[in-house]
**Student:** 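Handing you this structure, nothing more for now.
Note that the structure is predicted; figures quoted are calculated from it, not measured. Per chain, numbering begins at 1; letters A, B, ... match sequence-line order. Basis for what follows: all heavy atoms, side chains included, without hydrogens, waters or symmetry-related copies.
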Number of protein chains: 2
Amino acid sequence: MALADERGLGAVSMRSVAELVGVTPMALYPHVGSKAALLDGMVGRLLGQLVAEPGPTAPDPPAAPWRERLGTLARGVRQMAVRHPWAAGLLFSRPAVASGSMRTVDLIFAALLEAGIPPAEVPRLERMVSSFILGHVASEAGGRFGPLTQDLRDERYRHRGQELPAHARLDDVLETTVDWDAEFEANLDDLALMIEAVADRARG
Amino acid sequence: MALADERGLGAVSMRSVAELVGVTPMALYPHVGSKAALLDGMVGRLLGQLVAEPGPTAPDPPAAPWRERLGTLARGVRQMAVRHPWAAGLLFSRPAVASGSMRTVDLIFAALLEAGIPPAEVPRLERMVSSFILGHVASEAGGRFGPLTQDLRDERYRHRGQELPAHARLDDVLETTVDWDAEFEANLDDLALMIEAVADRARG
DNA sequence: ACCTGAACACCGTTCAAGT
DNA sequence: ACCTGAACACCGTTCAAGT
């Protein structure tokens with residue numbers, strides 16, 4: 001994990017890890033099984049830290065309102081991706097039902113139940129909420145949300161009229177710089193809005 | 001792309017591509033620049049197909065209601081990930097403002113404007129909507145949504161009481177099998193619900 | 001029980017040389 | 001202008017051998 005944090009996931013090889021540990025590459029195999037298992041273990045450890053208490057992102061007391069608890073968890077995931085950008089992409093290939101993820105899933109389940117989502121809809125909404133959080137966080141960590149280079153800005157401006165009609169209607173708005181912390185908070189607000197709307201629909 | 005579809009992204013190497021083309025690996029470099037540029041080109045081509053007309057996922061006429069157009073686009077992205085699972089993960093590391101993505105972004109912009117989202121909030125909501133769609137689609141393609149092996153089912157059942165209290169309240173619901181097509185449609189419905197709620201809030 | 005060394009079948013990319 | 005061949009510095013993993 002130190003290797004991935006400092007030099008990127010590409011710098012993590014059985015050979016580099018072995019050197020760091022002071023051992024021959026093949027000595028790792030009885031311990032970690034394979035490189036895939038090593039990466040799996042890294043993600044698992046991170047997920048464990050996420051819901052561990054005490055820790056950098058200790059969960060709110062269970063008594064806190066569901067909106068608060070969901071926010072704290074989401075911020076924890078985002079912080080994890082900031083500190084360990086290599087992890088964001090790996091999370092999509094790790095079953096959400098795996099050991100390390102179950103606690104996280106349970107926290108979202110509890111929040112949704114408290115919000116008034118009918119049990120039958122809770123698993124689907126958990127997947128929806130977690131997909132959004134991971135999608136946002138992977139977009140930030142992976143670079144999907146930026147940067148807008150001058151070349152791309154020029155290209156956008158050229159095609160504004162015909163091929164990008166909606167862009168043309170947003171000319172000034174698209175020039176403002178984005179506060180990503182504020183955007184994440186606003187998204188969490190709207191996610192809560194959706195959860196409430198789904199709960200209302202269920203109440204009839 | 002044929003190589004990635006048939007044997008996975010791992011089978012795509014400069015050497016394997018060169019062999020397929022009937023040329024030496026080094027002969028590719030003047031044409032594609034580097035392997036990173038090759039992967040970038042693959043994603044760009046896919047995004048181009050997504051909004052091309054005519055094509056496998058031709059967009060609705062601009063006259064169709066925004067909810068319809070958003071659904072068609074989202075289904076197109078999902079279908080793309082089904083046909084080309086290797087692409088899902090790559091999309092997070094490709095700037096959403098890159099050439100190939102701009103048309104897709106514009107379609108979402110237009111839908112949100114028509115839904116009544118105030119211009120100042122449209123870019124943020126576009127990122128939110130696309131993050132959810134990509135997050136969902138990458139979860140399906142990457143394997144995050146399954147499978148629940150017997151081992152994991154057992155472990156979940158063991159920890160049900162204390163560590164996973166919300167799981168315990170969902171015992172029966174968690175045993176039902178999921179229709180992923182229906183789930184995606186339900187998620188799109190709830191996404192539209194959120195968009196309407198945000199528009200309503202803006203209307204005061 | 002745990003580790004080493006050599007080997008196999010791969011990578012992306014450079015460089016100089018060919019036609 | 002376009003391609004080849006050899007080489008460099010890497011990979012994950014196997015196998016047999018050591019202590």
**Student:** If I take atom CZ from residue Phe184(A) and atom CD1 from residue Ile133(A), how far apart are they, to the nearest 0.5 angstrom?
**Tutor:** 6.0 Å
**Student:** For dT13(D), what is the paired nucleotide under Watson-Crick or G-U wobble rules, both distances under 3.5 Å?
**Tutor:** dA7(C)
**Student:** With both distances under 3.5 Å as the test, what is the Watson-Crick or G-U wobble partner of dT19(D)?
**Tutor:** dA1(C)
**Student:** Can you list the steps and then say if Arg124(B) with Glu121(B) is a salt bridge (charged side-chain N to carboxylate O under 4.0 Å, His left out)?
**Tutor:** CA-CA 6 Å; Arg124(B) 176 179 70 80; Glu121(B) 297 217 65; 2.7 Å; yes
**Student:** Verify the neighbour count for atom CD of Glu185(A): are there more than 12 heavy atoms of other residues, nucleotides or ligands below 6.0 Å?
**Tutor:** yes
**Student:** What ring pair (Phe, Tyr, Trp, His ring centres under 6.0 Å) pairs are there with at least one residue in residues 90-110 of chain A, not counting sequence neighbours?
**Tutor:** Phe92(A)-Phe92(B), Phe109(A)-His167(B)
**Student:** NE2 of His31(A) versus P of dA1(C): gap in Å, rounded?
**Tutor:** 13 Å
**Student:** Quick one: pull up CG in Leu148(B) and CG in Asp154(B) and give me the separation to the nearest 0.5 Å.
**Tutor:** 9.5 Å
**Student:** What's the OH-C1' distance between Tyr29(A) and dC3(C), to the nearest Å?
**Tutor:** 15 Å
**Student:** In whole Å, measure the gap between the C1' atoms of dC2(C) and dA16(D) for me.
**Tutor:** 15 Å
**Student:** Expected output is a numbered-order residue list: members of residues 15-27 of chain A with a heavy atom under 4.0 Å from any atom of DNA chain D. What is it?
**Tutor:** Arg15(A), Met26(A)
**Student:** Quick one: Met14(B) CE to dT4(D) C1', roughly how many Å, whole number?
**Tutor:** 15 Å
**Student:** Can you check the Leu39(B) CG to dG12(C) C1' distance for me, whole Å?
**Tutor:** 12 Å
**Student:** My understanding is that only one of Glu140(A), Glu183(A), His136(A) makes a side-chain hydrogen bond (donor to acceptor under 3.5 Å, both in side chains) with Arg127(B); could you say which?
**Tutor:** Glu183(A)
**Student:** Just how far, in rounded Å, is P of dT14(D) from NZ of Lys35(A)?
**Tutor:** 15 Å
